[in-house]
Every structure is written in C-alpha cells, then in structure tokens.
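Here's the structure we're looking at; comments come further down.
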Amino acid sequence: MSRSSKVVLGLSVLLTAATVAGVHLKQQQDLQRLRDGVIRDIERQNRKKENIRLLGEQIILTEQLEAEREKMSLEKGSQKT
C-alpha cells in the first residue's frame with residue numbers, strides 16, 4: 001500500500017470515528033435535555049396541583065370569613081333594635 005493510500009485510509013478512519021463520537025455525544029445531550037424537560041414538566045404539574053389545592057382552601061376560608069362577617073353583621077343589627 002502506498003503512503004498516500006495509508007494517509008487517506010487513516011484520515012477516513014479518523015473522520016469516521018470523530019463523526020461517530022460526535023453523533024454519540026449529541027444523542028447523549030439530547031437525551032439529557034429530554035430528561036430535564038420531563039422532570040420540569042412533572043415539577044410544573046405538581047406545582048399546579050398544589051396551587052389548585054391551595055386555591056380550594058382559600059375559597060373555603062373566604063366563604064367561612066364571609067359567613068362570619070354576615071353573622072356578625074346580623075348580630076350587630078339585632079343589638080341595635
């Protein structure tokens with residue numbers, strides 16, 4: 001085999017190995033980004049559930065407060081008469 005053939009073969013092997021390694025690294029990065037995205041989505045869903053639960057509690061507390069105010073208002077009105 002001539003020297004130039006060996007050089008071309010070596011460069012081809014090197015370029016092929018670099019391409020395979022580059023594709024592998026890119027796939028690993030994409031996979032990690034996908035995992036991070038899934039984790040963020042799960043965290044977002046959990047925050048949404050917690051916010052809905054807190055909103056429900058706030059609605060109940062608001063209704064209780066309004067009932068208490070109404071009760072106090074009625075008591076003050078009955079005391080005046």
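What you see below is based on every heavy atom in this structure, not just the backbone, and it leaves out hydrogens, waters and symmetry mates.
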Which distance, rounded to the nearest 0.5 Å, do you find between the [atom1] of [X] and the [atom2] of [Y]?
X     : Y     : atom1 : atom2 : value
Lys49 : Asn51 : NZ    : CG    : 12.5 Å
Leu9  : Ser2  : CG    : OG    : 10.5 Å
Arg47 : Arg40 : CZ    : CZ    : 10.5 Å
Lys71 : Lys76 : NZ    : NZ    : 14.0 Å

Can you pull the side chain to side chain donor-acceptor pair (under 3.5 Å) pairs that have at least one residue in residues 6-28, sequence neighbours excluded?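 Counting only pairs at least two positions apart or across chains, the side chain to side chain donor-acceptor pair (under 3.5 Å) contacts touching residues 6-28 are Lys26-Asp30.
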
Should Val13 and Met1 be regarded as members of a common hydrophobic cluster, given that ILVMFWY residues are connected when their side-chain heavy atoms come within less than 4.5 Å of each other, either directly or indirectly?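 Yes, Val13 and Met1 fall within the same hydrophobic cluster.
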
Under 3.5 Å side-chain donor-acceptor pair for Gln32 and Asp36: yes

Note, Arg44 side chain near Lys48 side chain (heavy atom, < 4.5 Å): no

Any side-chain heavy atom of Leu55 within less than 4.5 Å of one from Gln58?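 The answer is yes, as the side chains (C-beta and beyond) meet within the 4.5 Å cut-off.
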
Of all residues at least two apart in sequence or in a different chain, which pass the side chain to side chain contact (heavy atoms under 4.5 Å, CB included) check with Glu57?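 With neighbours one apart ignored, the set is Arg53, Leu54.
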
Sidechain-backbone polar pair: Ser73 side chain, Arg69 backbone, donor-acceptor under 3.5 Å: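 Looks like no, no N/O pair under 3.5 Å.
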
